[in-house]
*Asks:* 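The structure that follows is given in the form of structure tokens.
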Amino acid sequence: ADSSAEVAETLTLLGLVREMQGKVDAAEWALLRAHRMFAETAGAEDLRTARAAGHLARVRVCAGRFGEAEPMVLRVLPIFETQGNDVDVAVTLNDLGLIRQATGAHVEAIALFERAAGHFEKAEQAQGSSIADRATVLNNLGKSLDAIGDHQGAKGARGRARSVGAPRKP
């Protein structure tokens, strides 16, 4: 079981690297295998299993495969909320916000992005440093605010994003 967990961790890291390189298919391949290995060895509710599923969902969101990503996001969000890790919760809320944004549900997306930003702010206070992903969430918030015609709110969200640092891609 220990060697399976190590292999799954390695596959997770490989998937994250491939994601950063823009190699979606390779990232998905590694993360899907990591998720399966963690699920088989540690169970579906294990934090490592949830994180692998969350990473896989994010890859699918970034690839525009929202229908495949949404059930995964909805499954891992309560696990992350129970664990109380603000960064995991924030990233997952951002993913769900992107799904809602893509389907035109901007009001719901706005609420999700605002919740995500709040979790990132809480994590920043605990760490004593800023988290660049909060800027990404705030820029996503700005897009949905623009979509509903709240251009002043969008401008404010983008200004808050600039004060955090350089955002990554969604």
Side-chain angles (χ1 to χ4, degrees), residues 12-13 15-17 19-20 22 24 27-28 31 34-35 45-170:
T12 300
L13 293 173
L16 294 173
V17 168
E19 178 190 4
M20 286 189 252
V24 175
E28 184 172 15
L31 292 167
H35 177 257
E45 300 299 313
D46 184 79
L47 184 58
R48 295 169 299 174
T49 305
R51 282 189 174 141
H55 295 315
L56 180 58
R58 187 179 59 249
V59 166
R60 290 175 175 173
V61 166
C62 290
R65 293 168 40 209
F66 305 111
E68 294 174 51
E70 184 175 13
M72 298 178 85
V73 169
L74 293 173
R75 187 170 53 247
V76 301
L77 183 57
I79 295 170
F80 293 151
E81 288 174 329
T82 299
Q83 293 288 328
N85 182 317
D86 286 303
V87 173
D88 287 336
V89 172
V91 168
T92 306
L93 288 169
N94 182 61
D95 290 341
L96 188 55
L98 289 169
I99 292 167
R100 297 297 181 257
Q101 189 178 64
T103 60
H106 291 287
V107 173
E108 189 177 349
I110 289 165
L112 291 163
F113 294 140
E114 287 175 342
R115 283 181 57 202
H119 280 280
F120 274 131
E121 288 168 5
K122 190 174 169 187
E124 288 171 341
Q125 290 170 357
Q127 293 178 10
S129 62
S130 88
I131 299 172
D133 285 344
R134 182 164 60 100
T136 300
V137 169
L138 292 168
N139 281 321
N140 292 338
L141 173 61
K143 289 176 189 174
S144 279
L145 287 167
D146 266 337
I148 65 166
D150 184 354
H151 304 299
Q152 195 63 27
K155 182 178 177 183
R158 284 192 282 279
R160 288 171 48 206
R162 280 191 299 278
S163 72
V164 174
R168 291 185 344 176
K169 297 221 176 201

*Asks:* Quick one: CG on Leu56 to NE2 on His35, what's the gap to the nearest 0.5 Å?
*Replies:*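 One gets 7.5 Å once the value is rounded to the nearest 0.5 Å.
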*Asks:* Where do Ala50 and Phe80 come nearest, in terms of heavy atoms and distance?
*Replies:*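 Of all heavy-atom pairs spanning Ala50 and Phe80, the closest is O-CZ, 3.5 Å.
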*Asks:* Taking all atoms of both residues into account, what is the closest heavy-atom pair of Leu31 and Gly15, and its distance?
*Replies:*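 The answer is CG-CA, 3.9 Å.
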*Asks:* Between Thr12 and Ala34, which heavy-atom pair has the shortest distance, and what is it?
*Replies:*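 Here Thr12 and Ala34 meet closest at OG1-CB, 3.3 Å.
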*Asks:* Rounded to the nearest 0.5 Å, how far apart are CD of Glu28 and CZ of Arg65?
*Replies:*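 Reported value, rounded in 0.5 Å steps: 4.0 Å.
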*Asks:* Would you call Val76 and Met72 a side-chain contact if the rule is heavy atoms closer than 4.5 Å?
*Replies:*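 A side-chain contact under 4.5 Å is absent here.
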*Asks:* Decide yes or no for Leu47 and Asp88: does some side-chain heavy atom of the first lie under 4.5 Å from some side-chain heavy atom of the second?
*Replies:*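 Yes - at least one pair of side-chain heavy atoms lies under 4.5 Å apart.
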*Asks:* Would you say Val91 and Asp95 make side-chain contact, with heavy atoms under 4.5 Å?
*Replies:*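 SC-SC contact between Val91 and Asp95 confirmed.
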*Asks:* Roughly how far, to the nearest 0.5 Å, is CD of Gln101 from CG of Leu96?
*Replies:*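 Nearest 0.5 Å value for the CG-CD distance: 11.5 Å.
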*Asks:* Could you give the distance from CG (Leu13) to NE2 (His55), rounded to the nearest 0.5 Å?
*Replies:*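 Answer rounded to 0.5 Å: 8.5 Å.
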*Asks:* Would you call Val87 and Gln127 a side-chain contact if the rule is heavy atoms closer than 4.5 Å?
*Replies:*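 Answer yes - side chains close enough.
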*Asks:* At their closest point, which heavy atom of Phe66 faces which heavy atom of Leu98, and how far apart are they?
*Replies:*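 In terms of heavy atoms, the two residues are closest at CE2-O, 4.2 Å.
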*Asks:* Where the side chain of Thr49 meets the backbone of Glu45, is there a donor-acceptor pair that is under 3.5 Å apart?
*Replies:*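 Not a single qualifying donor-acceptor pair exists.
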*Asks:* Is there a donor-acceptor contact under 3.5 Å linking the side chains of Asn94 and Asp133?
*Replies:*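 No.
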*Asks:* Gln83 and Arg51: side chain to side chain contact (heavy atoms under 4.5 Å, CB included), yes or no, with the steps?
*Replies:* CA-CA 11 Å; Gln83 293 288 328; Arg51 282 189 174 141; over 6 Å; no
*Asks:* Apply side chain to side chain contact (heavy atoms under 4.5 Å, CB included) to residues Asp146 and Arg158 and explain how you reach the verdict.
*Replies:* CA-CA 11 Å; Asp146 266 337; Arg158 284 192 282 279; 2.9 Å; yes
*Asks:* With a 4.5 Å heavy-atom cut-off, do Leu145 and His151 have their side chains touching?
*Replies:*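 Heavy-atom side-chain distance check fails, nothing below 4.5 Å.
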*Asks:* Looking at every non-hydrogen atom in both residues, tell me the closest pair between Val61 and Ala69 and how far apart they are.
*Replies:*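 Closest pair (atom of Val61, atom of Ala69, distance): CG2-CB, 3.5 Å.
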*Asks:* Do Glu70 and Arg100 come close enough that some side-chain heavy atom pair is under 4.5 Å?
*Replies:*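 Yes - at least one pair of side-chain heavy atoms lies under 4.5 Å apart.
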*Asks:* Flag the pair Phe120 / Val137 as yes when at least one side-chain heavy-atom distance between them is below 4.5 Å, and no otherwise.
*Replies:*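 A side-chain contact exists here, since the closest heavy-atom pair is under 4.5 Å.
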*Asks:* So, do Leu138 and Leu141 sit near enough that their side-chain heavy atoms are less than 4.5 Å apart?
*Replies:*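 Answer yes - side chains close enough.
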*Asks:* Would you compute the distance between atom CG of Asn140 and atom CG of Leu112 and round it to the nearest 0.5 angstrom?
*Replies:*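 Atom-to-atom, Asn140:CG and Leu112:CG are 11.5 Å apart.
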*Asks:* Working to the nearest 0.5 Å, report the span between CG of Leu74 and CD1 of Ile99.
*Replies:*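 Reported value, rounded in 0.5 Å steps: 7.0 Å.
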*Asks:* What pair of heavy atoms forms the shortest contact from Gly142 to Ala154, and how long is it?
*Replies:*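 Gly142 and Ala154 have their closest heavy atoms at O-CB, 3.3 Å.
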